[in-house]
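Report on the structure given below.
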Amino acid sequence: MFGARALAGTTLALVVLALSGCSTPWGCTDTTAERGEAGVRVRVENTYRQVLDVSAEVVDWRLEPHPQVPAEGDQVHFRFRFDGADDMSGPALDVCAVDGERVALGCRTVYSYEAFGPGGSDTGDQWLAVEHPGRVAEVLLIPNDQSYDGRTCDQDAKDGGGPHPPKPAAVGDRL
């Protein structure tokens, strides 16, 4: 008799929680997108691995001292472009300087709005500090949009969860 009452009470409590909009901890799931193939020119992918109508490209790069800290020696100075994005919103991609084996030597995130310069220029430029600049073979973009990463289930069991971009690229990652 007690078991039946306990079961009925538990069921009632779950129904009340569901009707009140509260989520149960086992109803929230997080997924992480798989990292896409890095390249000099990429089509941007959202967290569902859907290709967007936006592409990005590393236009050029060179090793040179940063003008604000020339004593630190050579850094990677690169220019990039986003096509199909607007200047108010849009994707953010990880960009990495890699060696001949495509191992990341330095990475950062670039935003499409950074590629809208003065006079209607559609390119942006950034710097990457790397420990061994002489080992840099190329600069690559990773196609996964990093511009939005919603709350996880651990942060918000009721409204969190869902797809998340892959973790940002870091030194030592093979791309």
Side-chain angles (χ1 to χ4, degrees), residues 29-70 72-152 155 160-175:
T29 58
D30 288 305
T31 58
T32 301
E34 203 174 299
R35 183 179 288 164
E37 180 70 28
V40 172
R41 182 170 175 78
V42 298
R43 297 282 309 250
V44 178
E45 300 174 0
N46 65 17
T47 53
Y48 295 98
R49 298 285 318 260
Q50 296 169 324
V51 176
L52 306 179
D53 288 333
V54 178
S55 62
E57 175 182 16
V58 174
V59 177
D60 64 16
W61 66 274
R62 61 191 169 281
L63 295 174
E64 62 186 359
H66 191 290
Q68 294 176 339
V69 285
E72 292 181 8
D74 282 345
Q75 295 184 21
V76 180
H77 184 201
F78 65 95
R79 291 187 323 120
F80 60 96
R81 173 177 44 236
F82 280 85
D83 294 318
D86 61 49
D87 61 347
M88 298 303 291
S89 62
L93 300 181
D94 287 338
V95 60
C96 297
V98 299
D99 65 13
E101 303 292 317
R102 293 176 63 107
V103 174
L105 303 172
C107 299
R108 68 170 300 146
T109 303
V110 294
Y111 296 83
S112 61
Y113 64 77
E114 295 174 322
F116 290 87
S121 167
D122 64 349
T123 60
D125 75 301
Q126 286 292 344
W127 296 81
L128 276 169
V130 296
E131 191 171 336
H132 303 287
R135 291 178 42 201
V136 176
E138 57 187 333
V139 177
L140 303 176
L141 291 156
I142 299 170
N144 305 90
D145 185 3
Q146 297 283 342
S147 65
Y148 177 75
D149 189 6
R151 297 175 61 82
T152 65
Q155 295 167 325
H164 301 278
K167 69 178 186 159
V171 172
D173 289 354
R174 184 175 300 275
L175 306 180

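All values derive from a computational prediction rather than experimental measurement.
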message = Please determine whether side-chain contact (heavy atoms from CB on, under 4.5 Å) holds for the pair Val139 and Val95, giving the CA-CA distance in whole Å, both sets of side-chain angles, and the decisive distance to 0.1 Å.
response = CA-CA 7 Å; Val139 177; Val95 60; 3.5 Å; yes
Chi angles and distances behind the salt bridge (charged side-chain N to carboxylate O under 4.0 Å, His left out) call for Asp173, Arg35 = CA-CA 11 Å; Asp173 289 354; Arg35 183 179 288 164; 3.3 Å; yes
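Of the possible polar contacts, none joining the Glu34 side chain to the Pro166 backbone as a donor-acceptor pair under 3.5 Å is found. Counting only distance, with no hydrogens or angles, the side chain of Arg174 and the backbone of Glu101 share a donor-acceptor pair below 3.5 Å.
Classified by interplanar angle (parallel below 30°, tilted 30° to 60°, perpendicular above 60°), the ring pair Phe80/Phe82 is perpendicular.
In this structure, Asp94 and Pro168 have side chains that are in contact, with non-hydrogen atoms separated by less than 4.5 Å. Residues Asp125 and Glu114 form no side-chain contact, since every pair of their non-hydrogen atoms from C-beta on lies 4.5 Å or further apart.
Residues Val44 and Asp145 share a closest heavy-atom pair of CG1-CB, 4.0 Å.
Separation of atoms CH2 (Trp61) and CG (Leu140) is listed at 10.0 Å; rounding is to 0.5 Å. Ile142 contributes atom CD1, which lies 11.0 Å from atom CD of Glu45 (distance to the nearest 0.5 angstrom).
The side-chain contact (heavy atoms from CB on, under 4.5 Å) search around Glu72 returns Val69, Gln75, not counting sequence neighbours. By the ring-ring contact (aromatic ring centres under 6.0 Å, His included) test, His66 is found to be paired with Trp127, residues two or more places apart in sequence or in another chain being considered.
Within the structure, the salt bridge (Lys or Arg N to Asp or Glu O under 4.0 Å) test picks out the following pairs touching residues 73-83 (sequence neighbours left out): Arg41-Asp83, Glu57-Arg81, Asp60-Arg79, Arg81-Asp83.
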